[in-house]
Amino acid sequence: MQHVISVSNLSKTYASGFQALRNVNLEIRRGEIFALLGPNGAGKTTLISIICGIVNPSEGVVLADGHDIITEYRAARSRIGLVPQELTTDAFETVWATVSFSRGLFGKPANPGHIEKVLRDLSLWDKKDSKIMTLSGGMKRRVLIAKALSHEPQILFLDEPTAGVDVELRRDMWGVVRALRETGVTIILTTHYIEEAEQMADRIGVISKGEIILVEEKAELMRKLGRKQLTLQLQSPLDHVPAELAAYRLELAAEGSELVYSYDTQGERTGITALLKDLNAAGIRFKDLQTKQSSLEEIFVSLVRERR
Amino acid sequence: MNFRAVRAIYLFEMARTWRTLLQSIVSPVISTSLYFVVFGAAIGSRISEIDGVSYGAFIVPGLIMLMLLTQSISNASFGIYFPRFTGTIYELLSAPVSYFEIVLGYVGAAATKSIILGLIILATAGLFVPLEIAHPFWMLFFLLLTAATFSLFGFIIGIWAEGFEKLQLVPLLIVTPLTFLGGSFYSIDMLPPFWQTVTLFNPVVYLISGFRWSFYGIADVSIGASLAMTMLFLGICLAVVGWIFKTGYRLKS
């Protein structure tokens, strides 16, 4: 299968000497939602900016739908829509005018029907004749998305799409993004909200200090790195873990009223059966139990920390 | 060639003009009319004819040039500076457009606007003084060439400027003085010999002289020199714009 975006040996050193990207290799599959995670300054925006043509690469090759982004920039860029991180909008133009402008700029013939659909999908239709400067931040974000979708791109970059957007709007946007994926659009998003990646992404890439340190199916990543915790709520608190249970490396929590057991879901035996039997033998009774999978956020933090 | 993009940029810029009609068109027309009243009527009545042309009529080409230069520069520089300032330039850089198309859209719109202004001022002048245009084709040619050249120059300033202050710097400190001293209001024959020579280093002299020749058939310098100088400046501006886009100066890191 041909990849919709393929980045090979991409490096970027800014004039200041700062190396934002180091030998990045990345392939994005057609039709997937790919989440790029990384701390501030990791190179997420630089990577996106290079692919979209806003920043010149220092080294390396990027193909978008098989077209080199530099030698065949017209073919490459006309397939790409970009929603930038900053709320950079016109001020005095109307929503309709600015979205129609974007379509023209990307060389597509005027199509009021499509613009109307985009605006309706983003709940912007009521605002189509409003000047952009009169809109709220969340609405401006939607205008940026509408501009990016105006020219029917096959690849959509969303750089921190829901930063500074309230919860309700965020869920709306996830809905929009999912609907887009249904139509075959490949979506690459960067985010700080791990929840967002966890909810939406098919695959996840982690970038740190200009290097891609991991690319994995989300489910696989969760499985591979995910540890589970079993929490037992005790009937009567303990002041220490009994010696005969030391092998389980249990931890006491909630002032001795909870016992926490961590285990690897990948292991042959999770040891739960044995633990429960031994607890029973030690006369420790519990009134409730729950298990919890570590979130992507915890995985992410531990990954980035490991590299330091 | 992405004609739709050129059209989109052009119409976007022209829409900005119509939206700010008062500032874009009415105010330059009023200020030019004031020049007519003050220089043409009040002072002009005390100045005899210059080369057989009444003083009021003599200053018309210079005044149109003054407006053409300042308006071309300010339109084009603002047009490209504003997206840089707000950050919306990202869209232009990520769009499938060539640099030539970007320049064509912005410079075309800025030049169109200043040509419209020039023609309005010409019509307004017709209300104050009797006008004759000896070489209408050349008049339009100079109008077009100057508008295009100085819109290009404005585009360069708009890319170079890092703040609104710098945006005003060149038009205010260089272009306006050069135009006033370039024979808008006088024939350079009236100057002492030394200053006549100095004036020949002022490029605007050639623009105004050529333009005035197209009206009345009189010129301070030869029409060939006027054309050559205008073309030279156009060539320099084109080269600088080419360099800007080749290196990504102030646009792309």
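Numbers restart at 1 for each chain; the letters A, B, ... are given by sequence-line order, proteins then strands. Here the structure is a predicted model, which means the values were calculated and not measured.
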What residue, out of [options], has the most heavy-atom pairs lying under 4.5 Å from chain B?
options	value
A/Ser49, A/Ala148, A/Ser78, A/Ala75	A/Ser78
A/Arg103, A/Arg79, A/Lys147	A/Lys147
A/Arg77, A/Lys12, A/His151	A/Arg77
A/Cys52, A/Pro109, A/Gly53	A/Pro109

Taking side chain as everything from C-beta outward and backbone as N, CA, C, O, which of these in [X] sits under 4.5 Å from a heavy atom of chain B? Side chain, backbone, both or neither.
X	result
A/Tyr14	side chain
A/Thr89	backbone
A/Ser102	both
A/Lys108	backbone

If we only count heavy atoms from C-beta on, is the B/Tyr206 to B/Leu227 side-chain gap below 4.5 Å?
no
Judged by atom type as modelled, is there a donor-acceptor pair below 3.5 Å linking the side chain of B/Arg84 to the main-chain atoms of B/Ile159?
yes
Among side-chain atoms of A/Thr190 and A/Asp159, is any donor-acceptor pair under 3.5 angstrom?
yes
Quick one: of [options], who has the most non-hydrogen atom pairs under 4.5 Å with chain A?
options	result
B/Val97, B/Thr86, B/Leu11	B/Val97
B/Ser253, B/Gly248, B/Gly87	B/Ser253
B/Gly105, B/Ala5, B/Ala8, B/Ala95	B/Ala95

If you apply the rule side chain to side chain contact (heavy atoms under 4.5 Å, CB included), what do you find for B/Asn75 with B/Ser151, and how did you get there?
CA-CA 7 Å; B/Asn75 290 337; B/Ser151 296; over 6 Å; no
Does this structure show an ion pair linking A/Glu93 with B/Arg16, if we count only N-O contacts that are shorter than 4.0 Å?
no
Indicate yes or no: does A/Glu32 engage A/Arg181 in a salt bridge with an N to O separation below 4.0 Å.
no
Using a 4.5 Å heavy-atom cutoff, which residues in residues 112-121 of chain A come close to chain B?
none
Are B/Phe100 and B/Phe245 near enough that their ring centres are under 6.0 Å apart?
no
Heavy-atom cut-off 4.5 Å, strictly under: side chain, backbone, both or neither for B/Leu92 against chain A?
both
Between B/Phe82 and chain A, with a heavy-atom cut-off of 4.5 Å, which part of the residue counts as in contact: side chain, backbone, both or neither?
side chain
Separation of B/Phe150 CZ from B/Thr70 OG1 (nearest 0.5 Å):
10.5 Å
Shortest non-hydrogen contact from A/Pro57 to A/Ile70?
CG-CD1, 3.7 Å
What one should report as the nearest heavy-atom pair of A/Ile188 and A/Ile155 is CD1-CG2, 3.7 Å
Please work out which of the three classes, parallel, tilted or perpendicular, describes the rings of B/Phe185 and B/Phe180, given edges at 30° and 60°.
tilted
Checking side-chain contact (heavy atoms from CB on, under 4.5 Å) against A/Leu21, which of A/Val7, A/Val55, A/Ile207 comes through?
A/Ile207
